[in-house]
Amino acid sequence: MDKADAGGQAETAHITILRPDDWHLHLRDGGLLSGVLPESIRHFARALVMPNLQPPVVTARDALNYRKRIESALPPESGFSPLMTLYLTESTDPEDVAAAHGDGVITAVKLYPAGATTHSESGVREVHRVMPVLERMAGIGCPLCVHGEVPDSDVDVFDRESVFIENVLDPLRREIPDLRIVLEHVTTAEGVDYVGGGGDSLAATITVHHLLINRNHILAGGIRPHYYCLPVAKRERHRLALREAAVSGHPRFFLGTDSAPHCVADKETAKGCAGVFTATNAVPCVAQVFEDEGSLGTLEAFLSLNGAAFYGLPTNHSTITLTRQHEPASFPACIGTTAGPVVVFDPGIDIYWTVA
Ligand code: DOR
Ligand code: ZN
């Protein structure tokens, strides 16, 4: 870091890192897609695009068509590559997955336990029914991204990740040890420990918002729907464990923003949608977390190196330069889309970093 230091005060500083990737992103479709896409391409070179559209992206043909819609919403020469995923259902054809992966149409397959989150109704009810697909994926090295929560109504919403790890993820890994798995948006200390000790075939994405908020931010002193997401933010000790994992440099933790836009009307209502929209300020917020943890040296690993290595992809060639300003940066409170306004994540702390 090129830093002019004076009297212990943080001064203007610049950090240049390889351009980051976002390993978990919701881009939606139509007016929301064209509204939110510019926010992600500003800082990210690639994003793993989630398939939970309505209807979901279930076949190679769906993924190809969705990729074309994203590409036609991109400005010319954006340099941005959407990496596609398939939505795993109990009728997914192993051969369709193998062909889509072999042809480079998809990068991964996403497992949503049915009923666990937004648009997960077509997801998996019984993991044993998708074993042939998962075995085929293990054979060809196609990674499985999992929404790691049980949807059971008798399991407390704050326990759904740890119960998933114990009852679903761990048995699955024992049955198919070669399957490469990403525990998406890990939110608990137990999840961090499980992934940290899990060996080379297991990784986790961490979101921006789970590094910055705990459940008090959502619930104490008034309910804040724009902090509501799934998995829901947990106690402070879990947030601290996530921060420790993110800054650790451990190669199997990397950024997946889970930036999930919903229009204001769908968030500020009696039964609001889950999702936090962080695409606009994700990279500056992560830089602030790493600075606050005294770990700017591992920022590039978390943002730009670890994910690509896990997915077996080359790192990006281009770079971004982050600048630490004297004054807090300002970000728009909301972005307009033709589908309606979308509220931008409020990190709740001053962010001093901007990207040139
Ligand atoms: O908060 C969330 N929003 N979690 C998910 O798993 C899905 C996402 C969405 O699509 O809105
Ligand atoms: Zn998601």
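Below, all heavy atoms of this structure are taken into account, side chains as well, without hydrogens, waters or symmetry copies. Nothing here was measured: the structure is a model prediction, and the numbers come from that model. Counting starts at 1 for both ligands and their atoms, in listed order. Counting begins at 1 with the first residue of the sequence.
- Cluster note: Leu18 groups with Leu305 through ILVMFWY side-chain heavy atoms spaced under 4.5 Å, whether in direct contact or through intervening members.
- Taking Phe290 as the reference, Phe302 meet the ring pair (Phe, Tyr, Trp, His ring centres under 6.0 Å) condition, with sequence neighbours excluded.
- When side chains are defined from C-beta on, Ile206 counts as touching Val186, because their heavy atoms get closer than 4.5 Å.
- Within 4.0 Å of ligand 1, counting heavy atoms only, the contacting residues are His26, Arg28, Asn52, Thr117, Thr118, His147, Cys229, Leu230, Asp258, Ala260, His262, Ala274, Gly275.
- Between the side chains of His147 and Glu149, at least one donor N or O lies within less than 3.5 Å of an accepting N or O.
- Screening Leu134, Val109, Leu88 for a side-chain contact (heavy atoms from CB on, under 4.5 Å) with Val97, the sole residue that qualifies is Val109.
- The line from CZ of Arg173 to CG of Asp178 is 11.0 Å long, rounded to the nearest 0.5 Å.
- Taking the six-membered ring for Trp and the full ring otherwise, Tyr311 and Trp23 have centroids separated by under 6.0 Å.
- Legend: protein N/O/S atoms lying under 2.8 Å from the Zn ion (ligand 2), waters omitted, number 3.
- Here the two rings, on His185 and His210, have centers that are 6.0 Å apart or farther.
- Aromatic pair Phe80/Phe44: ring centres not closer than 6.0 Å.
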